[in-house]
2 protein chains.
Amino acid sequence: MKSAELCPRFESGMELLSKRWTGLIIFRLLEGSQRFSELESSLPISGRLLSERLKELEAAGIATRTVYPDTPVRIEYELTEKGHALRPVITSIREWAEKWITPDEPAPTKQ
Amino acid sequence: MKSAELCPRFESGMELLSKRWTGLIIFRLLEGSQRFSELESSLPISGRLLSERLKELEAAGIATRTVYPDTPVRIEYELTEKGHALRPVITSIREWAEKWITPDEPAPTKQ
DNA sequence: TATATGAGGTTACGAAAAGTAACAAGTGTA
DNA sequence: TACACTTGTTACTTTTCGTAACCTCATATA
């Protein structure tokens, strides 16, 4: 397994987006800020992984975490400018999927 | 973990693209048909996974596998129309990465 | 005949990541 | 005190990944 160079930035970006769930979380956050529980209930992802992914997105500068000391505490996740810049990516995936994925297509990668 | 509906086609497409290496393989194939060994040596992926991913791409109708009975045998992988339709996706990821990933950024998801 | 070489994989197995469920911290309410 | 609500975390099982060794088929060489 060699590490030949394509564009290292592209590779880095692709690695980010190609982690499971990351794309769907960003899709949700593009609709506006979301609470932890909103994301958890609107995506087929467990709390453990959601927590992990949100930390990664924060670390990558794509999302922010804001604590509102209501009762009970309310925490909102929101995209940064870098995160919002991913809208064209998500849009192009959605357009491709709408054209090329048939509605009854079986899950693509299970065998 | 509930499976709430966003667009099931988007979800399906995202699942495909968010498998590790799939994006980079498609990136390579967008440059033209490639042999197994070319892909293997130009990407940091092992033969085992490359074989697995190529089968998945074939099953999803994104790539084709053609055998040329030279000696030794030569096998070329090539994108289908559905595969070529992913060019805007790859392009938008590359554009985002070029603008927002700093060259010295550490690998995004390792902790 | 025996063996070597090259392409394109497959198998076996340990390591890492994902999935599941139960539990914990902080705060306020009955 | 007991309970509830949100946002996580811990412990444990299952699936996927990474590495290296091996296999198949066809020709080439000793």
Side-chain angles (χ1 to χ4, degrees), chain A residues 1-4 11 14-26 28-29 33-60 63-78 106-111, chain B residues 1-4 11-12 14-25 28-29 33-60 63-78 106-111:
Chain A
M1 196 162 107
K2 305 172 201 172
S3 190
E11 213 172 322
M14 199 69 227
E15 189 175 334
L16 228 157
L17 286 170
S18 76
K19 286 218 94 169
R20 198 165 188 191
W21 307 121
T22 305
L24 296 178
I25 293 170
I26 291 168
R28 280 299 186 208
L29 291 178
S33 71
Q34 306 269 327
R35 304 178 58 170
F36 187 91
S37 55
E38 287 178 304
L39 288 168
E40 192 176 15
S41 65
S42 75
L43 293 173
I45 184 179
S46 68
R48 199 184 71 75
L49 263 277
L50 180 55
S51 172
E52 206 170 296
R53 286 295 177 273
L54 287 170
K55 278 184 198 163
E56 288 165 6
L57 290 176
E58 242 196 301
T64 57
R65 177 181 189 273
T66 310
V67 181
Y68 297 93
D70 297 1
T71 182
V73 68
R74 182 166 57 90
I75 290 171
E76 300 249 339
Y77 290 91
E78 194 168 3
T109 54
K110 287 167 189 160
Q111 24 189 20
Chain B
M1 194 163 108
K2 305 171 199 170
S3 190
E11 211 172 325
S12 205
M14 199 70 228
E15 188 174 335
L16 228 157
L17 286 171
S18 75
K19 288 217 92 168
R20 197 164 192 194
W21 307 121
T22 306
L24 296 178
I25 293 170
R28 279 300 186 206
L29 292 177
S33 70
Q34 306 269 326
R35 303 177 61 168
F36 187 91
S37 53
E38 287 178 303
L39 288 169
E40 192 177 15
S41 63
S42 74
L43 292 172
I45 184 178
S46 68
R48 198 184 72 75
L49 264 275
L50 180 56
S51 173
E52 207 170 294
R53 287 295 178 273
L54 287 170
K55 277 185 198 162
E56 288 165 7
L57 290 176
E58 243 195 300
T64 57
R65 177 182 189 274
T66 310
V67 180
Y68 297 93
D70 296 1
T71 179
V73 69
R74 180 167 58 91
I75 290 171
E76 301 249 340
Y77 291 90
E78 195 168 4
T109 54
K110 285 166 190 162
Q111 27 190 17

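Since the model is a prediction, treat every value here as computed from it, not as a measurement. Any value given below was found using the heavy atoms of this structure, including those in side chains, with hydrogens, waters and symmetry copies removed. Letters go in sequence order (proteins before strands), and every chain restarts at 1.
- The phosphate of C:dA21 has neither OP1 nor OP2 within less than 4.0 Å of any side-chain N or O from A:Ser46.
- Partner of B:Ser33 under the side-chain hydrogen bond (donor to acceptor under 3.5 Å, both in side chains) criterion, out of B:Glu38, B:Glu78, B:Glu76: B:Glu76 alone.
- No donor-acceptor pair under 3.5 Å is formed between the side chain of A:Arg65 and the backbone N or O of A:Lys55.
- Rounded to an integer number of Å, the gap from CZ of A:Arg48 to C1' of C:dG19 is 7 Å.
- Out of C:dA18, C:dT10, D:dG8, the shortest distance to the side chain of B:Lys55 is found at C:dT10.
- Separating the CD atom of A:Gln34 from the P atom of D:dT6 is a distance of 15 Å, rounded to the nearest angstrom.
- Phosphate contact (OP1/OP2 of D:dT9, side-chain N/O of A:Ser51, threshold under 4.0 Å): present.
- Distances shown here put a side-chain N or O of A:Arg53 below 4.0 Å from the OP1 or OP2 atom of C:dA18.
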Take A:Trp21 and A:Leu49 through the side chain to side chain contact (heavy atoms under 4.5 Å, CB included) test and state the conclusion after the steps. CA-CA 9 Å; A:Trp21 307 121; A:Leu49 263 277; 4.2 Å; yes

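- For the pair A:Arg20 CZ and D:dT15 C1', the interatomic distance rounds to 10 Å; values are reported in whole Å.
- Here A:Arg48 pairs with A:Glu52 under the salt bridge (charged side-chain N to carboxylate O under 4.0 Å, His left out) rule; sequence neighbours left out.
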Give each protein N/O atom lying under 3.5 Å from an N/O atom of nucleotides 23-30 of chain C, with the pair distance.
residue	atom	partner	partner atom	Å
C:dG28	O4'	A:Thr71	OG1	3.1

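- Considering only the side chain of A:Leu49, C:dG19 comes nearest among C:dG19, D:dT7, D:dG18.
- Rounded to whole Å, the distance from CH2 on A:Trp21 to P on D:dT15 is 15 Å.
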